[in-house]
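Each remark here refers to the structure printed beneath this line.
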Amino acid sequence: MKSLEGKHIVLGITGGIAAYKSAVLLRLLIKRGAEVQVVMTPAAKEFITPVTLSTLSGKPVVSEFFTANTGEWHSHVDLGLWADLMVVAPATASTLGKMANGIADNMLVTTYLSAKEHVMVAPAMDLDMYASPSTQRNLATLASDGVEIIEAAEGELASHLVGKGRMAEPEAIVERVEQFFSRRHDMAGMKVAITVGPTYEKIDPVRFIGNYSSGKMGFALAEECASRGAEVIAIAGPVTNYPSNPSIRVLKVESAEEMNAEALKVCASADVSIFAAAVADYRPERVSDHKIKRENSEDMTIRLVRNPDIARNVAELKKDGQTLVGFALETDDALNNAERKLEKKNLDMMVLNSLEDKGAGFRTDTNKVTVITRDGFRKAFPLKSKKEVATDIVDMILELRKKQ
Ligand code: C5P
């Protein structure tokens with residue numbers, strides 16, 4: 001069977017020089033069995049003719065809201081529902097800006113706003129336009145709206161300047177499309193438990209011991225697993241942003257002890273448990289029931305006692321077929337420490353992020369990780385968005401489960 005057999009793809013084409021490559025992209029998608037509906041912006045027609053594209057796709061190209069001489073209305077809502085995937089290639093600075101801000105003045109942007117499924121964009125423009133704060137801001141907005149950005153490549157541009165702004169090659173775009181479909185259901189039927197965010201350990205009614213964890217990495221993993229068909233339960237400490245995805249169940253907890261109790265219940269029946277929470281190692285021995293007053297002495301002592309190690313407790317009850325994944329945030333001798341932790345906690349995989357790496361760790365939108373497994377496998381990934389890191393981690397978990 002062809003890799004894209006039966007898949008419905010909307011190919012959005014905008015007005016840039018790279019539009020000539022869209023014909024090749026379309027041909028490759030069709031060859032792999034996809035059904036493709038081309039939607040062009042009016043400006044795109046200046047660069048490639050609708051005749052070429054309708055001949056290759058076997059469908060009339062859609063560009064206007066209605067056909068002028070017959071008054072036939074083209075429904076962007078129907079197209080949005082029909083599509084399993086929308087790919088905008090090339091995506092000009094103008095279209096990216098309209099998509100990011102909901103400016104629905106053409107058929108392509110209205111189709112994007114109605115799209116129910118995944119959307120990818122392959123930007124193409126001159127290097128300065130690509131690097132401009134406006135374009136970068138629009139790309140960041142689209143990424144946070146869940147749009148997959150197929151980064152432009154470096155090379156010679158239409159202006160004969162050399163830099164970043166060339167549309168990714170059609171073959172590379174098709175590869176991303178194939179990856180999207182092969183990942184879409186690869187966690188179907190699986191139950192995933194994820195601990196997320198910080199824990200707050202009460203000192204008195206108004207104070208606590210906490211940490212800077214934002215829960216971003218944990219929720220990116222939750223989103224990734226849900227998008228791949230898993231049933232996801234997140235056991236989350238106090239954070240400001242919770243996922244809106246209805247297929248992620250969030251159990252809100254505050255302290256390590258509460259998180260531990262929920263995790264023991266949920267992880268018992270989970271196929272995959274991921275410990276992404278930054279759990280406080282200690283809590284105050286005594287929680288004062290009134291606000292502790294400032295006293296005359298220059299110092300004060302709060303005695304702390306050890307919190308439960310949630311990952312370790314879950315691992316003690318591990319059953320065959322379950323996969324347990326921990327995170328390690330190390331400041332020195334990172335790999336060796338992470339390896340020791342993997343053993344000590346009896347986990348199957350450890351994701352190491354080092355605080356030494358710029359852009360990795362707490363409160364950032366990016367992360368740089370190394371994945372290590374019990375059988376001695378190590379893989380270091382470059383700095384990526386937390387969403388992309390989540391994809392890599394889940395790919396690795398599924399690889400490991402094939403061997404388990
Ligand atoms: O020992 P350390 O805190 O560095 O280990 C980190 C890993 O263990 C993370 O996956 C974290 O979520 C988990 N952990 C836990 N309960 C604790 C401490 C850490 O589940 N009390």
Side-chain angles (χ1 to χ4, degrees), residues 192-202 208-222 225 232-239 250-268 270 272-285 304-318 322-357 360-363 367 369-374 386 389-390 392-394 396-397 400:
V192 179
I194 310 182
T195 67
V196 185
T199 63
Y200 283 3
E201 309 299 330
K202 262 195 171 147
F208 59 84
I209 296 173
N211 61 66
Y212 291 128
S213 171
S214 60
K216 281 183 180 170
M217 191 64 242
F219 282 136
L221 282 159
C225 295
V232 182
I233 302 175
I235 305 150
V239 292
V250 180
L251 302 176
K252 294 185 184 176
V253 296
E254 199 168 284
S255 66
E257 285 186 303
E258 286 168 21
M259 191 178 272
N260 186 56
E262 291 294 349
L264 285 175
K265 276 188 259 168
V266 175
C267 297
V272 177
S273 293
I274 306 175
F275 303 97
V279 185
D281 290 320
Y282 294 91
R283 66 178 181 279
E285 185 178 37
L304 303 176
V305 292
R306 195 64 174 259
N307 261 335
D309 186 324
I310 304 169
R312 203 168 173 173
N313 291 346
V314 170
E316 268 174 20
L317 305 170
K318 185 183 155 177
Q322 293 185 318
T323 311
L324 307 185
V325 181
F327 272 76
L329 187 74
E330 304 288 341
T331 49
D332 45 53
D333 201 11
L335 269 171
N336 286 333
N337 276 330
E339 239 153 36
R340 260 199 302 278
K341 244 169 230 179
L342 187 69
E343 290 287 329
K344 203 174 93 189
K345 293 183 191 250
N346 197 21
L347 304 177
D348 302 295
M349 180 189 282
M350 202 66 155
V351 181
L352 168 70
N353 35 17
S354 163
L355 270 181
E356 285 157 33
D357 289 315
F362 283 153
R363 294 194 292 193
N367 206 358
V369 302
T370 302
V371 172
I372 59 177
T373 62
R374 276 298 264 284
K386 283 189 173 169
V389 172
D392 290 339
I393 293 172
V394 172
M396 300 288 294
I397 293 173
L400 180 65

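In listed order, ligands and their atoms are each counted from 1. Computed from a prediction, not measured in an experiment: that's the story for all the values here.
The CD atom of Glu258 sits 13.5 Å away from the NZ atom of Lys252 when rounded to the nearest 0.5 Å. Rounded to the nearest 0.5 Å, atoms CD1 (Ile393) and CG (Asn367) are 7.0 Å apart.
Residue Ala277 holds the heavy atom nearest to atom 11 (C) of ligand 1 of all those in Ala277, Ala263, Ser213.
Contact atoms of ligand 1 toward Lys341: 1 (O), 2 (P), 4 (O), 5 (O) (distance under 4.0 Å to a heavy atom of the residue). Interface of Phe275 with ligand 1, defined as ligand atoms under 4.0 Å from a residue heavy atom, comprises 9 (C), 10 (O), 11 (C), 12 (O). Residue Gly326 has at least one heavy-atom neighbour below 4.0 Å for each of these atoms of ligand 1: 10 (O). Every atom of ligand 1 with a heavy atom of Pro308 under 4.0 Å away is listed here by number and element: 16 (N), 17 (C), 21 (N).
When atom types are taken as modelled, the side chain of Gln322 and the backbone of Ala268 share a donor-acceptor pair closer than 3.5 angstrom. Put simply, the side chain of Arg283 gets close to the backbone of Arg306: a donor and an acceptor are under 3.5 Å apart.
At least one N or O atom of Ala311 sits closer than 3.5 Å to an N or O atom of ligand 1. For ligand 1, none of its N or O atoms has an N or O atom of Val279 under 3.5 Å away.
Both the backbone and the side chain of Ile310 come within contact range of ligand 1, each with a heavy atom under 4.0 Å. Neither the backbone nor the side chain of Ala256 comes within 4.0 Å of ligand 1, counting heavy atoms alone.
Inter-residue side-chain proximity for Val325 and Met396 is flagged as unmet; no heavy-atom pair is nearer than 4.5 Å.
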### Task
Would you sort out whether Glu262 and Lys265 count as a salt bridge (Lys or Arg N to Asp or Glu O under 4.0 Å), showing the intermediate values?
CA-CA 5 Å; Glu262 291 294 349; Lys265 276 188 259 168; 3.7 Å; yes
#### Entry: Steps toward side-chain contact (heavy atoms from CB on, under 4.5 Å) verdict (Ile274, Phe327)
CA-CA 8 Å; Ile274 306 175; Phe327 272 76; 3.8 Å; yes
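The protein non-hydrogen atom at the shortest distance from atom 5 (O) of ligand 1 is Lys345 NZ, 3.1 Å. The nearest heavy-atom contact from the protein to atom 9 (C) of ligand 1 is Phe327 O, 3.0 Å.
Note on ligand 1: Asn307 sits outside its first shell, no heavy atom being nearer than 4.0 Å.
Other residues, nucleotides and ligands contribute at most 12 non-hydrogen atoms within 6.0 Å of the NZ atom of Lys202.
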